[in-house]
Amino acid sequence: MDCLYADPDRKAYDVLGLYYGLSRTLFSPASAKVFSRFESLQKALKNYTLEGTPDDKSGVLQQGGMFVFKGKQLLYAWKDEGTGDHAPLDDIFDACCRVPVA
């Protein structure tokens, strides 16, 4: 937990250049894979509420990302292109678990 960081005020989003907006959230080609599972999505959203989001509801339009650092050195960066777009786990594990070449 000492190396897990969160950004509840979303200040790092601007610095990291993460994507934001209605078109990215709903109409990005990367979002299509989520909407192709419409029945599963409907089931997941059945009990969804905005109560868990910050007071600024526009945060639901913010796309995330994955960044792996070793100290101040950036080892891996991924910006989610749309809803349901995530960094490939193999890429993350490669960045985190890479054995240095001697």
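The two atoms that bring Thr83 and Gln63 nearest to each other are N-OE1, 3.3 Å, heavy atoms only. The shortest non-hydrogen separation linking Tyr13 to Gly64 is CE2-CA, 4.3 Å. Across all non-hydrogen atoms, the minimal contact from Ile92 to Val68 is CG2-CG2, 4.5 Å. For the residue pair Ala87 and Trp78, the shortest heavy atom distance occurs at N-NE1, 3.3 Å.
Atom CZ of Phe69 is surrounded by more than 12 heavy atoms from other residues, nucleotides or ligands within 6.0 Å.
A donor-acceptor contact shorter than 3.5 Å links the side chain of Lys79 to the backbone of Gly17.
Transitive grouping of hydrophobic side chains (ILVMFWY, heavy atoms separated by less than 4.5 Å) keeps Leu74 and Met66 in distinct clusters.
Distance CG/Asp80 to CD/Gln62: 10.0 Å, rounded to 0.5 Å.
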